[in-house]
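Structure record follows, encoded as C-alpha coordinates.
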Amino acid sequence: MGSDTKILIVDDHEDTLYALESALAPLGYDLGRATSGDEALKQVLRGHVGLLLLDVRMPGVSGLDVVRYLRRLEQTQHIPVVLLTGYGPDHELTSTAFGLGVADLLMKPVDPWALRTKVRYLYDAHQRHQALEREVRELRALREPRVETETRADPGKPGARLPVQRDRRGPAPAQDRT
(Lines give C-alpha, C1' and ligand atoms only; values in the text may rest on other atoms or scores of the structure.)
Protein backbone atom coordinates (compact mmCIF):
# COMPACT_ATOMS: atom_id res chain seq x y z
CA MET A 1 0.00 0.00 0.00
CA GLY A 2 2.99 2.31 -0.05
CA SER A 3 3.24 2.77 3.71
CA ASP A 4 5.86 1.13 5.85
CA THR A 5 3.51 0.79 8.83
CA LYS A 6 1.39 -2.20 9.61
CA ILE A 7 -1.73 -3.13 11.47
CA LEU A 8 -0.82 -5.31 14.44
CA ILE A 9 -3.39 -7.90 15.49
CA VAL A 10 -2.94 -9.23 19.02
CA ASP A 11 -4.82 -12.20 20.46
CA ASP A 12 -3.80 -15.28 22.41
CA HIS A 13 -6.03 -17.55 20.27
CA GLU A 14 -4.72 -18.63 16.89
CA ASP A 15 -8.21 -19.06 15.41
CA THR A 16 -9.12 -15.46 16.32
CA LEU A 17 -5.90 -14.17 14.73
CA TYR A 18 -6.70 -16.09 11.55
CA ALA A 19 -10.30 -14.80 11.46
CA LEU A 20 -9.21 -11.18 11.93
CA GLU A 21 -6.47 -11.49 9.29
CA SER A 22 -8.97 -13.01 6.86
CA ALA A 23 -11.45 -10.21 7.51
CA LEU A 24 -8.81 -7.52 6.91
CA ALA A 25 -7.01 -9.13 3.96
CA PRO A 26 -9.25 -7.45 1.33
CA LEU A 27 -7.98 -4.03 2.49
CA GLY A 28 -4.47 -4.87 1.29
CA TYR A 29 -2.71 -3.48 4.35
CA ASP A 30 0.43 -5.02 5.81
CA LEU A 31 -0.71 -7.12 8.78
CA GLY A 32 1.36 -8.28 11.72
CA ARG A 33 0.43 -10.57 14.56
CA ALA A 34 1.30 -11.12 18.18
CA THR A 35 0.01 -13.73 20.63
CA SER A 36 0.71 -11.86 23.89
CA GLY A 37 0.80 -8.40 25.36
CA ASP A 38 4.58 -8.62 25.82
CA GLU A 39 5.10 -9.54 22.18
CA ALA A 40 2.78 -6.71 21.10
CA LEU A 41 4.74 -4.16 23.14
CA LYS A 42 8.02 -5.30 21.62
CA GLN A 43 6.67 -4.95 18.08
CA VAL A 44 5.11 -1.55 18.71
CA LEU A 45 8.28 -0.22 20.35
CA ARG A 46 10.33 -1.34 17.33
CA GLY A 47 8.16 1.06 15.32
CA HIS A 48 6.12 0.88 12.14
CA VAL A 49 2.75 0.05 13.73
CA GLY A 50 -0.05 2.30 12.53
CA LEU A 51 -3.00 0.58 14.22
CA LEU A 52 -3.39 -1.97 16.97
CA LEU A 53 -6.24 -4.51 17.21
CA LEU A 54 -5.87 -5.81 20.74
CA ASP A 55 -7.60 -8.51 22.76
CA VAL A 56 -8.50 -7.24 26.22
CA ARG A 57 -8.03 -10.43 28.22
CA MET A 58 -4.81 -12.32 27.64
CA PRO A 59 -2.58 -14.22 30.05
CA GLY A 60 0.25 -12.13 31.48
CA VAL A 61 0.10 -8.60 30.12
CA SER A 62 -3.52 -7.73 29.31
CA GLY A 63 -4.69 -5.52 26.48
CA LEU A 64 -5.47 -2.73 28.94
CA ASP A 65 -1.94 -3.00 30.37
CA VAL A 66 -0.53 -2.62 26.85
CA VAL A 67 -2.64 0.49 26.24
CA ARG A 68 -1.63 2.01 29.59
CA TYR A 69 2.04 1.55 28.72
CA LEU A 70 1.71 2.89 25.16
CA ARG A 71 -0.12 6.02 26.30
CA ARG A 72 2.77 6.95 28.60
CA LEU A 73 5.29 7.10 25.74
CA GLU A 74 5.38 10.03 23.35
CA GLN A 75 6.26 7.90 20.30
CA THR A 76 3.30 5.52 20.83
CA GLN A 77 0.60 7.58 22.52
CA HIS A 78 -1.15 8.48 19.26
CA ILE A 79 -1.34 4.99 17.74
CA PRO A 80 -5.03 4.13 17.38
CA VAL A 81 -6.09 1.08 19.38
CA VAL A 82 -9.22 -1.01 18.89
CA LEU A 83 -9.85 -3.30 21.84
CA LEU A 84 -11.57 -6.63 21.27
CA THR A 85 -13.44 -8.56 23.94
CA GLY A 86 -15.40 -11.78 23.97
CA TYR A 87 -16.95 -11.19 27.37
CA GLY A 88 -19.89 -9.05 26.31
CA PRO A 89 -20.78 -5.52 27.36
CA ASP A 90 -19.03 -4.39 30.54
CA HIS A 91 -19.53 -0.82 31.76
CA GLU A 92 -16.32 -0.78 33.80
CA LEU A 93 -14.25 -2.07 30.87
CA THR A 94 -15.85 0.43 28.50
CA SER A 95 -15.21 3.31 30.90
CA THR A 96 -11.59 2.28 31.49
CA ALA A 97 -10.90 1.68 27.79
CA PHE A 98 -12.23 5.00 26.58
CA GLY A 99 -10.59 6.75 29.53
CA LEU A 100 -7.27 5.43 28.20
CA GLY A 101 -8.05 6.88 24.78
CA VAL A 102 -8.81 3.76 22.76
CA ALA A 103 -10.46 4.43 19.41
CA ASP A 104 -13.09 1.71 19.79
CA LEU A 105 -14.14 -1.36 21.75
CA LEU A 106 -15.61 -4.24 19.73
CA MET A 107 -17.35 -7.40 20.87
CA LYS A 108 -16.30 -10.77 19.48
CA PRO A 109 -17.24 -12.28 17.17
CA VAL A 110 -16.56 -9.17 15.13
CA ASP A 111 -18.62 -8.32 12.04
CA PRO A 112 -16.00 -8.37 9.21
CA TRP A 113 -17.64 -5.51 7.29
CA ALA A 114 -17.79 -3.25 10.37
CA LEU A 115 -14.20 -4.17 11.27
CA ARG A 116 -12.91 -3.32 7.78
CA THR A 117 -14.78 -0.01 7.81
CA LYS A 118 -13.40 1.03 11.22
CA VAL A 119 -9.88 -0.16 10.45
CA ARG A 120 -9.76 1.61 7.07
CA TYR A 121 -10.93 4.87 8.63
CA LEU A 122 -8.64 4.73 11.70
CA TYR A 123 -5.55 3.53 9.84
CA ASP A 124 -5.90 6.03 6.99
CA ALA A 125 -6.58 8.90 9.42
CA HIS A 126 -3.49 7.96 11.42
CA GLN A 127 -1.37 7.82 8.24
CA ARG A 128 -2.62 11.27 7.17
CA HIS A 129 -1.87 12.63 10.65
CA GLN A 130 1.67 11.20 10.53
CA ALA A 131 2.24 12.68 7.06
CA LEU A 132 1.08 16.11 8.24
CA GLU A 133 3.38 15.93 11.27
CA ARG A 134 6.35 15.09 9.00
CA GLU A 135 5.47 17.97 6.69
CA VAL A 136 5.22 20.42 9.60
CA ARG A 137 8.64 19.29 10.90
CA GLU A 138 10.15 19.73 7.43
CA LEU A 139 8.63 23.19 7.02
CA ARG A 140 9.83 24.26 10.46
CA ALA A 141 13.33 23.07 9.61
CA LEU A 142 13.28 25.15 6.42
CA ARG A 143 11.99 28.21 8.25
CA GLU A 144 14.58 28.20 11.04
CA PRO A 145 17.50 30.48 10.18
CA ARG A 146 20.81 28.82 9.63
CA VAL A 147 23.55 30.58 11.51
CA GLU A 148 27.09 30.96 10.23
CA THR A 149 29.78 32.10 12.55
CA GLU A 150 32.65 34.29 11.46
CA THR A 151 34.97 36.40 13.48
CA ARG A 152 35.80 40.08 13.41
CA ALA A 153 38.22 42.19 15.33
CA ASP A 154 37.05 43.71 18.60
CA PRO A 155 37.99 47.39 18.40
CA GLY A 156 38.23 47.56 22.18
CA LYS A 157 40.92 44.88 22.54
CA PRO A 158 43.99 44.54 20.38
CA GLY A 159 44.19 41.10 18.70
CA ALA A 160 40.83 39.91 20.16
CA ARG A 161 38.24 38.38 17.83
CA LEU A 162 34.46 38.17 18.39
CA PRO A 163 32.01 35.76 16.76
CA VAL A 164 29.51 37.32 14.38
CA GLN A 165 26.27 35.56 13.52
CA ARG A 166 24.89 35.89 10.07
CA ASP A 167 21.61 34.64 8.71
CA ARG A 168 22.12 32.79 5.40
CA ARG A 169 18.93 34.26 4.03
CA GLY A 170 20.50 37.63 3.38
CA PRO A 171 23.52 39.85 3.88
CA ALA A 172 24.58 40.95 7.32
CA PRO A 173 23.16 44.32 8.36
CA ALA A 174 25.39 47.30 7.78
CA GLN A 175 27.22 48.35 10.91
CA ASP A 176 27.20 51.94 12.07
CA ARG A 177 30.80 53.12 12.07
CA THR A 178 30.16 56.70 13.23
Side-chain angles (χ1 to χ4, degrees), residues 1-140:
M1 292 249 31
S3 175
D4 63 347
T5 59
K6 65 184 172 191
I7 296 170
L8 183 61
I9 304 168
V10 186
D11 200 292
D12 57 322
H13 293 100
E14 189 69 31
D15 56 337
T16 303
L17 287 170
Y18 178 76
L20 293 169
E21 287 170 336
S22 297
L24 295 175
L27 295 177
Y29 297 132
D30 185 18
L31 303 175
R33 61 166 40 202
T35 56
S36 70
D38 283 332
E39 188 181 341
L41 282 171
K42 288 175 187 172
Q43 287 194 45
V44 172
L45 292 174
R46 279 188 218 120
H48 306 294
V49 173
L51 176 71
L52 196 57
L53 296 177
L54 184 61
D55 186 22
V56 173
R57 291 186 174 95
M58 294 181 288
V61 178
S62 74
L64 288 174
D65 292 335
V66 170
V67 175
R68 283 185 189 100
Y69 186 80
L70 296 178
R71 293 306 183 236
R72 290 193 312 244
L73 301 175
E74 186 177 340
Q75 79 245 28
T76 61
Q77 62 185 267
H78 298 296
I79 296 173
V81 176
V82 176
L83 286 177
L84 307 168
T85 183
Y87 290 95
D90 177 340
H91 178 70
E92 185 177 331
L93 170 62
T94 302
S95 177
T96 301
F98 287 113
L100 289 170
V102 302
D104 209 346
L105 176 65
L106 300 177
M107 302 299 156
K108 295 180 199 173
V110 177
D111 174 348
W113 182 85
L115 179 66
R116 282 191 295 272
T117 301
K118 288 173 192 271
V119 163
R120 182 184 305 118
Y121 173 77
L122 291 169
Y123 182 79
D124 290 351
H126 181 68
Q127 294 306 302
R128 284 190 304 274
H129 179 78
Q130 295 293 97
L132 285 172
E133 281 187 349
R134 279 191 299 275
E135 189 173 338
V136 166
R137 280 192 304 271
E138 290 168 5
L139 289 172
R140 282 187 179 145

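Just so it is clear, the values below take in all heavy atoms, side chains as well, and ignore hydrogens, waters and symmetry mates.
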Please test L51 against K6 for side-chain contact (heavy atoms from CB on, under 4.5 Å), starting from the C-alpha separation and ending with a verdict.
CA-CA 7 Å; L51 176 71; K6 65 184 172 191; over 6 Å; no
Less than 4.5 Å apart, any side-chain heavy atom of [X] and any of [Y]?
{"X": "T76", "Y": "L45", "value": "yes"}
{"X": "S36", "Y": "D12", "value": "no"}
{"X": "R71", "Y": "V81", "value": "yes"}

Between R33 and E14, is the closest basic N to carboxylate O distance under 4.0 Å?
yes
A34 to A40 - nearest heavy-atom pair and separation
CB-N, 3.8 Å
Between A25 and L31, which heavy-atom pair has the shortest distance, and what is it?
N-CD1, 4.4 Å
Separation between [atom1] of [X] and [atom2] of [Y], rounded to the nearest 0.5 Å:
{"X": "S22", "Y": "L17", "atom1": "OG", "atom2": "CG", "answer": "10.5 Å"}
{"X": "L54", "Y": "I79", "atom1": "CG", "atom2": "CD1", "answer": "11.5 Å"}
{"X": "T16", "Y": "L53", "atom1": "OG1", "atom2": "CG", "answer": "12.0 Å"}
{"X": "T117", "Y": "L27", "atom1": "OG1", "atom2": "CG", "answer": "8.5 Å"}
{"X": "L122", "Y": "I7", "atom1": "CG", "atom2": "CD1", "answer": "9.5 Å"}
{"X": "H129", "Y": "R134", "atom1": "NE2", "atom2": "CZ", "answer": "10.5 Å"}

Give the intermediate values and the outcome of side-chain contact (heavy atoms from CB on, under 4.5 Å) for residues T96 and R68.
CA-CA 10 Å; T96 301; R68 283 185 189 100; 3.7 Å; yes
Do any side-chain atoms of residues 97-111 form donor-acceptor pairs under 3.5 angstrom with protein atoms, and if so which ones, sequence neighbours left out?
{"unit_1": "D104", "atom_1": "OD2", "unit_2": "K118", "atom_2": "NZ", "d": "2.5"}
{"unit_1": "K108", "atom_1": "NZ", "unit_2": "D11", "atom_2": "OD2", "d": "2.6"}
{"unit_1": "K108", "atom_1": "NZ", "unit_2": "D55", "atom_2": "OD1", "d": "3.1"}
{"unit_1": "D111", "atom_1": "OD1", "unit_2": "W113", "atom_2": "N", "d": "2.9"}

Under the criterion side chain to side chain contact (heavy atoms under 4.5 Å, CB included), which of V66, V67, L73 is the partner of Y69?
L73
Name of the residue among I9, L83, L70 meeting side chain to side chain contact (heavy atoms under 4.5 Å, CB included) with L52:
L70
Do the side chain of E39 and the main chain of T35 share a donor and acceptor less than 3.5 angstrom apart?
yes
Look at atom CD of E92 and say whether more than 12 heavy atoms of other residues, nucleotides or ligands are closer to it than 6.0 Å.
no
How about E135: does its CD atom have over 12 heavy atoms from other parts shown lying under 6.0 Å from it?
no
